[in-house]
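Reading through the structure tokens given below for one structure.
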Amino acid sequence: MTLERSPAPPLRKDPADPPVNAPAGTEVELRVPPRIGPRRRRPAVSLAVRTAVPVLLVAAWWYGSASGRIPPDVLTGPGAVLGALRELAETGQLTDYLLASGRRAALGVLAGAGAGLLLGVAAGLSALGEELIDPTMQMKRAVPFLALVPLFISWFGVGESFKIVLIAVATAAPMYAYTYLGVRGVDREVVEAARGFGLRGARLALAVIVPSALPSILMALRISLSVSLTGLIAAEQIGASEGIGYLVTLAQQYYRNDYMVLCILIYALIGLLIDLVIRGVERVAMPWRVQVAAR
């Protein structure tokens with residue numbers, strides 16, 4: 001006895017689609033396929049969401065100060081902080097202090113992050129480089145850079161060299177660690193393919209290794225810039241006559257709570273500016289990357 005299998009009906013992707021064996025002349029409705037992947041919010045909506053929490057915090061701070069729920073000796077109100085900002089801006093000290101701190105931070109980050117980048121690439125590219133560099137950098141990373149302040153003062157004094165070196169030492173460790181991990185994470189097949197095209201040495205590193213490790217390097221730069229603010233505060237509180245850290249010291253000596261809060265807000269705005277700059281660099285250098293996988 002032979003069992004005959006009846007032919008299966010043709011598969012249809014959508015109930016509204018016409019059957020496969022539709023007669024000639026049947027109009028077929030073309031539909032836009034559903035979007036695959038994350039949907040990006042509109043820039044205005046994204047900006048509103050990002051600023052919602054900071055705006056609410058400022059509003060709560062303003063209300064608490066105005067209603068007396070937050071005493072002035074605990075946290076100065078926004079009005080007094082704006083008055084301190086106006087006072088510094090009128091005397092020109094705010095611009096001078098910002099320029100002085102920016103110069104120190106820029107020189108320190110350039111030296112420290114540059115050294116960490118070179119060492120991370122060297123340690124990630126070869127086993128010999130890893131054996132020579134990584135143990136020392138791991139020991140250095142375990143030592144808090146603030147513990148080196150007395151030693152650096154005895155070596156460099158309390159001048160500009162001490163401040164720049166302290167910031168450089170603070171930023172070198174995170175740049176090295178993330179760069180090393182990024183280089184180690186580059187696909188081996190990509191490297192072998194590049195070598196097959198004749199790329200060796202510096203050309204291989206600049207054309208293949210560094211671009212492939214760019215996400216980790218930019219993350220390292222973001223962390224290094226944030227850490228540089230900590231080093232800047234510590235450096236400018238010793239033997240400085242200008243700078244935001246020096247302003248913090250003056251506010252502490254003269255019990256100016258409004259200046260202390262103003263300095264905190266300045267550091268917060270600098271950190272926000274750093275994040276915005278790194279995000280812009282990521283969009284320009286890596287336009288193919290999707291920021292968030294699911295929204």
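Grouping the Ile, Leu, Val, Met, Phe, Trp and Tyr side chains by contacts below 4.5 angstrom, directly or via other members, places L94 apart from L99. One hydrophobic cluster, built from ILVMFWY side chains closer than 4.5 Å, cannot hold both F145 and M175; they sit in different ones. Criterion: ILVMFWY side-chain heavy atoms under 4.5 Å apart, direct or through other members. Under it, L232 and L166 are not part of a common hydrophobic cluster. Hydrophobic clustering, with ILVMFWY side chains joined whenever heavy atoms are under 4.5 angstrom apart, groups F156 together with L151. In this structure, M260 is not a member of the same hydrophobic cluster as L262, with clusters built from ILVMFWY side-chain heavy atoms closer than 4.5 Å.
Other residues sharing a hydrophobic cluster with L272 under the 4.5 Å side-chain heavy-atom criterion for ILVMFWY residues are L276. Taking Ile, Leu, Val, Met, Phe, Trp and Tyr as hydrophobic and joining them when side-chain heavy atoms fall under 4.5 Å apart, one finds I164 in a cluster with L107. By the 4.5 Å side-chain criterion applied to Ile, Leu, Val, Met, Phe, Trp and Tyr, L132 is assigned to a cluster that also includes L119, L128, I133, M137, Y176, Y180, L181.
Pairing each heavy atom of P72 with each of N257, the nearest pair is O-ND2, 3.3 Å.
Under the salt bridge (Lys or Arg N to Asp or Glu O under 4.0 Å) criterion, R141 pairs with no residue, sequence neighbours left out. Looking at residues two or more places apart in sequence or on another chain, you find no ring-ring contact (aromatic ring centres under 6.0 Å, His included) involving Y178. By the salt bridge (Lys or Arg N to Asp or Glu O under 4.0 Å) test, E189 pairs with no residue at all, sequence neighbours left out.
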Side-chain atoms of residues 222-229: list all donor-acceptor pairs with protein atoms under 3.5 Å, sequence neighbours left out, distances to 0.1 Å.
residue, atom, partner, partner atom, Å
R222, NE, D275, OD1, 3.1
S224, OG, T171, O, 3.2
S224, OG, A220, O, 2.8
S226, OG, R222, O, 3.1
S228, OG, L225, O, 2.4

For residues 241-256, please give each side-chain donor-acceptor pair under 3.5 Å, one per line with the distance, not counting sequence neighbours.
residue, atom, partner, partner atom, Å
T249, OG1, G245, O, 3.2
R256, NE, D258, OD1, 3.1
R256, NH2, D258, OD2, 2.8

Less than 3.5 Å apart, which donor and acceptor atoms pair up between the side chains of residues 52-65 and the rest of the protein, not counting sequence neighbours?
residue, atom, partner, partner atom, Å
W61, NE1, T76, O, 2.9
S65, OG, W61, O, 3.0

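Listed by first and then second residue, the salt bridge (Lys or Arg N to Asp or Glu O under 4.0 Å) pairs involving residues 61-81 amount to none (not counting sequence neighbours). Pairs engaging residues 108-119 under the salt bridge (Lys or Arg N to Asp or Glu O under 4.0 Å) rule: none recorded [sequence neighbours left out]. Sorted by first and then second residue, the salt bridge (Lys or Arg N to Asp or Glu O under 4.0 Å) pairs involving residues 223-240 (not counting sequence neighbours) are R104-E236.
Formation of a donor-acceptor pair under 3.5 Å by the K140 side chain with backbone atoms of A172 is not found in this model. Between the side chain of T91 and the main chain of L88, a donor-acceptor pair closer than 3.5 Å is present. Counting only distance, with no hydrogens or angles, the side chain of K163 and the backbone of A105 share no donor-acceptor pair below 3.5 Å.
Residues I266 and L98 are in side-chain contact: their nearest non-hydrogen atoms beyond the backbone lie under 4.5 Å apart. I217 has its side chain out of reach of L221: every pair of non-hydrogen atoms, C-beta onward, lies at least 4.5 Å apart. Looking at heavy atoms from C-beta onward, V81 lies out of side-chain contact with P78 at the 4.5 angstrom threshold.
Note that CG of L117 and OG1 of T179 are 5.0 Å apart. Values are rounded to the nearest 0.5 Å. Distance check: R184 CZ to D134 CG gives 8.5 Å after rounding to the nearest 0.5 Å. Here I274 contributes atom CD1 and L269 contributes atom CG; the two are 11.0 Å apart, rounded to the nearest 0.5 Å. Taking CD from E192 and CG from D187, the interatomic distance works out to 10.0 Å, rounded to the nearest 0.5 Å. Between L265 atom CG and I270 atom CD1 the span is 11.0 Å, to the nearest 0.5 Å.
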